[in-house]
Peer 1: 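What follows is a single structure, and I will ask about it in a moment.
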Amino acid sequence: MRFLLLAFTFFTSIIYATSNDDILLFTVATEATDGFIRFKESASRAGLEPIVLGMGEEWKGGDVVNGIGGGFKVHLLKQALEPYKNKC
């Protein structure tokens with residue numbers, strides 16, 4: 001059984017698994033900010049390698065100050081999960 005840990009900016013979740021092989025760790029980042037680099041370092045210390053979605057792509061999400069977004073992160077995650085849909 002695989003577990004999914006989805007990490008977004010300002011979102012932290014802790015789950016327990018029998019091994020790191022049971023964890024799929026996703027995050028969305030379009031550029032390598034200081035926070036992103038710290039996140040990757042923390043994941044590495046825990047023995048995890050995050051799957052980074054959107055790196056190098058133009059941000060197509062919303063502007064929280066002016067309204068909701070268009071589901072950019074959700075679309076990226078949906079595409080990334082497609083290969084795993086029958087493996088759980």
Peer 1: Just verifying a value: how many Å separate K78 NZ and L76 CG, rounded to the nearest 0.5 Å?
Peer 2: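 Going from NZ on K78 over to CG on L76, the span is 12.5 Å.
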Peer 1: Which pair of non-hydrogen atoms, one from A29 and one from V52, has the smallest distance, and what is that distance?
Peer 2: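 A29 and V52 have their closest heavy atoms at O-CG1, 4.2 Å.
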Peer 1: CD1 of I23 to CD of E49: how many Å apart, nearest 0.5 Å?
Peer 2: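 Going from the CD1 atom of I23 to the CD atom of E49 covers 13.0 Å.
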Peer 1: Looking at CG of L53 and NE2 of H75, how far apart are the two atoms once the value is rounded to the nearest 0.5 Å?
Peer 2: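 Here the rounded value is 13.5 Å.
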Peer 1: If you compare all heavy atoms of F72 against all heavy atoms of E58, which two are closest, and at what distance to 0.1 Å?
Peer 2: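 What the structure gives for the nearest pair is CZ-O, 3.8 Å.
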Peer 1: Following the transitive rule for hydrophobic clusters with a side-chain heavy-atom cut-off under 4.5 Å over Ile, Leu, Val, Met, Phe, Trp and Tyr, establish whether V28 and L24 coincide in one cluster.
Peer 2: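 Yes, because V28 and L24 connect within a single hydrophobic cluster, where side-chain heavy atoms sit under 4.5 Å apart.
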Peer 1: Donor-acceptor pair, S44 side chain versus K40 backbone, under 3.5 Å?
Peer 2: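 Not at all, since once roles are kept as given, no pair shorter than 3.5 Å links the two residues.
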Peer 1: Group every Ile, Leu, Val, Met, Phe, Trp and Tyr by side-chain heavy-atom contacts under 4.5 Å, then state whether I51 and L77 land in the same group.
Peer 2: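 Yes, I51 and L77 fall within the same hydrophobic cluster.
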Peer 1: Taking side chain as C-beta onward, heavy atoms only, is L25 less than 4.5 Å from F39?
Peer 2: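 Side-chain contact under 4.5 Å: yes.
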